[in-house]
Amino acid sequence: MTTPTLTIRGFKIFKGLLNAAAQVDMLTELREVARAAPPFSPQTPYGKPMSVRMTSAGKYGWYSDRSGYRYVPHHPDGQAWPPIPEVVMRIWRDLVSKERGPDCCLINFYGEGARMGMHQDRDEADFGWPVLSLSLGDDGLFRIGNPTRGGKTESLWLSSGDAVVMGGEARLTYHGVDRIRFGSSPLLPKGGRINLTLRVVD
DNA sequence: AAGTAACA
DNA sequence: AACG
């Protein structure tokens, strides 16, 4: 059983969970997903697009437009989302559950200057299931807040191969990504950070 | 506000 | 300049 490197406010952080070869294998599978379901920058409900580009794999994909945040069973092009790669499922089984698989693997791509504002993951039906996050590529400054907006926060750098499990007290905690150290990792030839988030949706 | 900007 |  894998134990966390450190725990902050219930966020279990596993530094270097994926070795270099595992990161390359995962990236190869993700390229296939991106080919089948091209990444896009969703509109926020207020009309401004997110700086992060995203796509999904699995039964559902996360989606946002003027109508709000939600999970949808199809890519905006009308196609079903491609299956979640087996190498990704393996990490879920190790860190979260062997009984129940995730319904959604959201794939976020952070280019130079991309950020993710502080938010809660609350578009799922059952908050009893943790959210699993996997980082690939450039370092990202991850910020952990509180169950409500405001208050003191704690930040840490996530690097390629790190995993974070957000369950229990951390499940509804506000979090976001402030900055990318563009070009800090050799994994992606053109730079950038990829973050996978795996969730049980319904 | 899963956004952006200003300010201390 | 980085952080909150």
Side-chain angles (χ1 to χ4, degrees), chain A residues 6 8-11 13 30 33-34 37-76 81 102-127 129-159 162-167 169-184 192-202:
Chain A
L6 73 159
I8 300 174
R9 302 185 185 190
F11 286 69
I13 298 142
L30 295 178
V33 172
F40 56 96
S41 287
Q43 293 289 123
T44 59
Y46 261 70
K48 296 215 177 178
M50 297 178 65
S51 57
V52 170
R53 291 194 308 139
M54 58 178 63
T55 188
S56 294
K59 180 181 177 188
Y60 296 112
W62 189 83
Y63 189 71
S64 168
D65 61 16
R66 299 297 177 98
S67 309
Y69 310 131
R70 61 199 183 275
Y71 287 97
V72 295
H74 299 278
H75 186 277
W81 303 102
D103 297 316
C104 173
C105 174
L106 174 61
I107 302 162
N108 286 329
F109 178 76
Y110 295 76
E112 192 164 21
R115 291 168 285 130
M116 177 78 71
M118 293 288 277
H119 67 279
Q120 283 176 310
D121 287 34
R122 57 170 181 192
D123 304 316
E124 304 78 28
D126 182 357
F127 302 134
W129 287 101
V131 173
L132 168 62
S133 155
L134 302 173
S135 295
L136 291 173
D138 291 342
D139 299 343
L141 185 58
F142 187 62
R143 186 148 150 196
I144 298 171
N146 300 284
T148 55
R149 286 196 180 277
K152 292 185 177 172
T153 64
E154 296 179 68
S155 297
L156 77 152
W157 286 97
L158 293 178
S159 5
D162 293 352
V164 181
V165 175
M166 303 173 249
E169 60 164 309
R171 182 61 181 76
L172 289 170
T173 294
Y174 277 85
H175 57 278
V177 176
D178 284 354
R179 194 160 61 255
I180 302 300
R181 269 183 192 143
F182 194 78
S184 57
R193 171 177 188 256
I194 294 171
N195 182 68
L196 311 186
T197 44
L198 294 142
R199 302 181 179 85
V200 170
V201 172
D202 60 8

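Note on naming: letters A, B, ... go to the chains in the order of the sequence lines (proteins, then strands), and numbering restarts at 1 for each one.
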Undergrad: Provide, to the nearest angstrom, the distance between the NE2 atom belonging to A:His119 and the C1' atom belonging to B:dG3.
TA: 13 Å
Undergrad: Figure out the OH/P separation between A:Tyr63 and B:dA1, and round it to whole Å.
TA: 20 Å
Undergrad: Show, in sequence, the C-alpha distance, side-chain angles and deciding distance for A:Asp202 and A:Tyr60, and conclude whether the side-chain hydrogen bond (donor to acceptor under 3.5 Å, both in side chains) test is met.
TA: CA-CA 10 Å; A:Asp202 60 8; A:Tyr60 296 112; 2.5 Å; yes
Undergrad: Let me check I have this right: for DNA chain C, each base becomes ., (, ), [, ] or |, based on Watson-Crick or G-U pairs with both distances under 3.5 Å. What is the full string?
TA: ...|
Undergrad: Does any N or O in the side chain of A:Asp178 come within less than 3.5 Å of the main-chain N or O of A:Arg115, such that one atom is a donor and the other an acceptor?
TA: no
Undergrad: Over 60° means perpendicular and under 30° means parallel, so classify the ring planes of A:Phe11 and A:His175, tilted if in between.
TA: perpendicular
Undergrad: Side chain of A:Trp81, backbone of A:Val33: donor and acceptor closer than 3.5 Å?
TA: no
Undergrad: What's the CH2-P distance between A:Trp62 and B:dA1, to the nearest Å?
TA: 13 Å
Undergrad: Please measure how far the P atom in B:dA8 lies from the corresponding atom in B:dT4, and state the result in whole Å.
TA: 23 Å
Undergrad: The side chain of A:Arg122 lies closest to which of these nucleotides: C:dG4, B:dA1, B:dA2?
TA: B:dA1
Undergrad: For A:Met118 and C:dG4, what is the distance between atoms CE and C1' respectively, to the nearest whole Å?
TA: 10 Å
Undergrad: When you compare the side chain of A:Leu106 with that of A:Arg199, does any pair of heavy atoms fall below 4.5 Å?
TA: yes
Undergrad: Of all heavy-atom pairs between A:Ile180 and A:Gly140, which one has the smallest distance, and what is that distance?
TA: CD1-CA, 4.0 Å
Undergrad: Considering every strand and a 4.0 Å limit on heavy-atom distances, what is the contact class for A:Pro42: base, sugar-phosphate, or nothing?
TA: nothing
Undergrad: Taking any heavy-atom pair under 4.0 Å as a contact, classify A:Asn195: base, sugar-phosphate, or nothing.
TA: nothing
Undergrad: Is it true that the NZ or CZ of A:Arg193 lies under 6.0 Å from the centre of A:Tyr110's six-membered ring and within 45 degrees of the ring axis?
TA: yes
Undergrad: Side chain of A:Asp121 only, heavy atoms from C-beta on: which candidate in B:dA2, C:dG4, B:dT4 is closest?
TA: B:dA2
Undergrad: State which of C:dG4, B:dT4, B:dA2 makes the closest approach to the side chain of A:Ser155.
TA: C:dG4
Undergrad: Between A:Tyr63 and A:Phe40, what is the ring plane arrangement, given parallel below 30°, perpendicular above 60°, and tilted in between?
TA: tilted
Undergrad: Enumerate the residues from residues 132-150 of chain A whose closest heavy atom to DNA chain C is under 4.0 Å, giving them by residue number; use none for an empty result.
TA: A:Leu141, A:Arg143
Undergrad: Which of the following nucleotides, B:dG3, B:dA1, B:dA2, is nearest to the side chain of A:Lys48?
TA: B:dG3
Undergrad: What is the separation between atom OH on A:Tyr46 and atom P on B:dT4, rounded to the nearest whole Å?
TA: 15 Å
Undergrad: Whole Å only: how far is the OH atom of A:Tyr69 from the P atom of B:dA2?
TA: 4 Å
Undergrad: With a 4.5 Å limit on heavy-atom distance, are the side chains of A:Arg171 and A:Val131 in contact?
TA: yes
Undergrad: Please state how far atom CG in A:Asp65 lies from atom C1' in B:dA2, giving the value in whole angstrom units.
TA: 13 Å
Undergrad: May I have the distance from A:Ile107 (atom CD1) to B:dA2 (atom C1'), rounded to whole angstrom?
TA: 17 Å
Undergrad: Taking the side chain as C-beta and beyond, is there a heavy-atom pair between A:Leu30 and A:Leu196 under 4.5 Å?
TA: yes
Undergrad: At 4.0 Å (heavy atoms only), tell me whether A:Ser64 reaches a base, stays on the sugar-phosphate, or touches nothing.
TA: nothing
